[in-house]
2 protein chains.
Amino acid sequence: MHSFTEENYLKTIYHLSQFTASPVQTNAIADGMKTRPASVTDMLKKLSDKQLIDYIKYQGVTLTEKGKTTAVGIVRKHRLWEVFLVEKLKFKWDEVHDIAEELEHINSALLVERLDEFLGFPKRDPHGDLIPDQNGFFEPVQNIHLHEMSCGNKGVIIGVSEYSSAFLKHLERLGLTIGIIIEIKEIADYDGSVELLVDGRKINVSREVTQHILINYK
Amino acid sequence: MHSFTEENYLKTIYHLSQFTASPVQTNAIADGMKTRPASVTDMLKKLSDKQLIDYIKYQGVTLTEKGKTTAVGIVRKHRLWEVFLVEKLKFKWDEVHDIAEELEHINSALLVERLDEFLGFPKRDPHGDLIPDQNGFFEPVQNIHLHEMSCGNKGVIIGVSEYSSAFLKHLERLGLTIGIIIEIKEIADYDGSVELLVDGRKINVSREVTQHILINYK
DNA sequence: AAAAAATTTTAGATTTGTCTAAACATACAA
DNA sequence: TTGTATGTTTAGACAAATCTAAAATTTTTT
Ligand SMILES: [Mn+2]
Ligand SMILES: [Mn+2]
Ligand SMILES: [Mn+2]
Ligand SMILES: [Mn+2]
C-alpha cells in the first residue's frame with residue numbers, strides 16, 4: 001500500500017493537472033503540499049519508481065494510469081466522506097474539508113462501496129464537486145466560473161473552487177449557496193466586481209468571489 | 001497532537017493494564033504492538049517525556065491521568081466506529097475491527113460527539129465491549145468469563161474478549177452471539193471442554209472458546 | 001548466595017520524509 | 001548569444017520509528 005504522504009502527493013498532482021495539459025511542475029507541487037521543492041524531487045523519484053507517475057528530470061510529471069486511478073480513488077473517498085459529514089452528521093459545508101482530508105486515507109474498498117450505498121450514491125459533494133463512480137468515471141458536465149460570464153447571463157450555482165471556511169461562510173452570508181439561480185446585472189470596469197440578481201435582490205460581489213463560484217451552463 | 005504510533009502504544013498499555021494492578025512490562029507491550037522490546041523502550045522514553053506514562057527503568061509502566069484519558073478517548077472512537085460499521089453500513093461483527101483500528105485515529109472531537117449522537121448514544125460495541133462516555137466513564141458492570149462458571153450456572157452472553165475474524169465466525173456458526181442465554185450442563189475433566197444448553201439444544205465448546213466469551217453475571 | 005534464565009536497555013544501523021544550502025538546467029531578455 | 005532570473009536537483013543533515021546484537025539488570029533456580 002501507499003503511505004498517506006504518497007497519497008497526498010498523488011492527489012495534489014491530480015488536482016494540479018486538471019488545469020493544464022502540460023506536465024505538473026515541481027514548484028507547483030511544493031506549493032500544493034506546503035513543502036519544499038527538494039522534498040518534492042525526492043518523492044517524485046519514489047513515485048516514479050512505483051510507476052505512479054511519468055517523470056523526466058526538469059520536465060515535470062504526469063500521472064500514469066495507475067497513478068490516476070489511485071488519485072481518483074482518494075478523491076472519491078474524500079467527497080463521499082464529505083457528503084456523510086454534511087448529510088448524516090449535520091456538519092456545515094465549511095467544516096468538513098479537514099476531516100475528509102484524514103478520512104480519505106482509510107483503506108477499505110468495501111467501506112467505500114458501503115458508504116456510497118448508505119448515502120444513496122450521491123453525484124456531488126457538499127461543494128458541488130463531482131463524485132467519481134466505483135470505476136473512476138465522472139459524469140460529464142459543463143461548468144463555467146462566474147467571472148467568465150457576461151452581462152445578462154443567467155445560471156445556477158453548481159459548485160465552488162475554493163474550500164476555505166472563510167470563503168464558504170462568506171458565500172453563505174451572501175446567500176450564494178448551491179442550487180441558487182443568479183443573473184448578471186452589471187460588471188464594474190473599475191475592479192471587476194459584479195452585481196447579481198438573486199431571488200429578486202441585488203447583490204454585489206468582488207471579482208475574487210466570482211473566480212471561485214461555478215455556474216451550471218447549458 | 002500524538003502520532004498514530006504513540007496512540008497505539010497508549011491503547012496497548014491501557015488494555016494490558018486492565019488485567020493486572022501491577023505496571024505493564026516491556027515484553028508484553030512488544031507482543032501487543034507486534035514489535036521488538038528495544039523499540040518499546042525507545043517509545044516508553046518518549047511517552048514518559050510527554051508525561052503520558054510513569055516509567056521506571058526495568059520496572060514497567062503505568063498510564064498517567066493524561067495518558068489514560070488519551071487512551072480511553074481512542075477506545076471510545078474505536079468502539080463507536082465499530083457500531084457505525086455494523087449498524088449503519090451492514091458490516092458483520094467479525095469484519096469491523098481492522099477498519100476501526102484506522103478510524104480510531106481520526107482527529108476531531110466534534111466528529112466523535114456527532115457520531116455518538118447519530119448512533120443514538122450506544123452503550124456497547126458489536127463485541128459487547130462498553131463504550132466510555134464523553135468524559136471517559138464506563139457504566140459499571142460485572143462480567144465473568146464462561147470458563148470461570150460452574151455446572152448448573154446460567155447467564156447471558158454479553159461480549160467476547162477475542163476479536164479475530166476466525167473466532168467470531170466460529171461463534172456465529174455455533175449460535176453463540178450476544179444476547180443468547182446459556183446454561184452450563186457439564187464440564188469435561190479431560191480437556192476442560194464445556195457442554196452448554198442453548199435454546200433447548202446441547203452444544204459442545206472447547207476450553208479455548210470458553211476463555212473468550214463474557215457472561216453477564218448477576 | 002551464586003549461577004542461570006528471563007527481561008530490559010543501550011549502541012549502532014536503517015527507512016521514510018523532511019529540511020537548507022549549493023549546484024545545475026532551462027527560459028527569457030538584453 | 002551571453003547574462004540573468006527562475007526553476008529544479010543534489011548533497012548532506014535531521015527526526016521519527018524501527019531493527020539486530022550486545023550489555024545490563026532483575027528474577028528464578030540451584
Ligand atoms: Mn474537501
Ligand atoms: Mn469537497
Ligand atoms: Mn475492535
Ligand atoms: Mn469491539
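Proteins come first, then strands; the chains are lettered A, B, ... in the order of their sequence lines, and each starts at number 1. Side chains included, hydrogens not; waters and symmetry mates left out as well; all remaining heavy atoms used.
- Separating the CG atom of D42(A) from the P atom of dT8(D) is a distance of 15 Å, rounded to the nearest angstrom.
- Regarding contacts with the backbone of dT7(C), every side-chain N or O of Q25(B) stays at 4.0 angstrom or more from both OP1 and OP2.
- The residue Y55(B) sits close only to the backbone: its heavy atoms come under 4.0 Å of sugar-phosphate atoms, none of a base.
- In this structure, the nucleotide among dT8(C), dT10(D), dG7(D) sitting nearest to the side chain of Y58(B) is dT8(C).
- Residue I56(B) contributes atom CD1, which lies 11 Å from atom P of dT26(D) at whole-angstrom precision.
- In the set dC19(C), dT20(D), dT8(C), dT20(D) carries the atom at the smallest distance from any side-chain atom of R36(B).
- Comparing atom distances between the K57(A) side chain and each of dT9(D), dT9(C), dT18(C) picks out dT9(D) as nearest.
- Comparing atom distances between the T26(A) side chain and each of dT20(D), dT9(D), dT18(D) picks out dT9(D) as nearest.
- Each of dA11(D), dT26(C), dT26(D) was ranked by its minimum atom distance to the side chain of Q59(B); first place goes to dT26(D).
- Rounded to a whole Å, the CE atom of M43(A) is 16 Å from the C1' atom of dT9(D).
- Rounded to whole Å, atom P of dT8(D) lies 16 Å from atom CE of M33(A).
- At the phosphate of dT8(C), OP1 or OP2 sits under 4.0 Å from a side-chain N or O atom of N27(B).
- Residues R124(B) and V141(B) are in side-chain contact: their nearest non-hydrogen atoms beyond the backbone lie under 4.5 Å apart.
- When rounded to the nearest whole Å, the span between CG of N8(B) and P of dA16(D) equals 18 Å.
- Counted by atom type alone, S161(A) and H145(A) present one or more donor-acceptor pairs between their side chains at under 3.5 Å.
- Cation-pi geometry between K90(A) and F118(B) is not met at under 6.0 angstrom from the ring centre and within 45 degrees of the axis.
- The side chain of P37(A) lies closest to dT9(D) when the candidates are dT18(D), dT9(D), dC19(D).
- Between the side chains of D125(A) and H78(A), no donor-acceptor pair is found at a separation under 3.5 Å.
- Between dC19(D), dT10(C), dT18(C), one nucleotide has an atom nearer to the side chain of S39(B) than all others, and that is dC19(D).
- Picking from dT7(C), dT8(D), dT18(C) the nucleotide with the shortest atom distance to the side chain of T35(A) gives dT18(C).
- Residue I29(B) contributes atom CD1, which lies 9 Å from atom P of dT8(C) at whole-angstrom precision.
- Looking at the side chain of T41(B), the nearest of the listed nucleotides dT8(D), dC19(D), dT8(C) is dT8(C).
- Looking at heavy atoms from C-beta onward, K11(B) lies out of side-chain contact with H105(B) at the 4.5 angstrom threshold.
- Here dT8(C) presents its P atom at 10 Å from CG of D31(B), a figure rounded to the nearest Å.
- Considering only side-chain N and O atoms, Y9(B) lies under 4.0 angstrom from the phosphate OP1 or OP2 of dT18(D).
- Between S193(B) and R207(B) there is no side-chain heavy-atom pair separated by less than 4.5 Å.
- Distances shorter than 4.0 Å separate some side-chain N or O of K45(A) from OP1 or OP2 on dT10(D).
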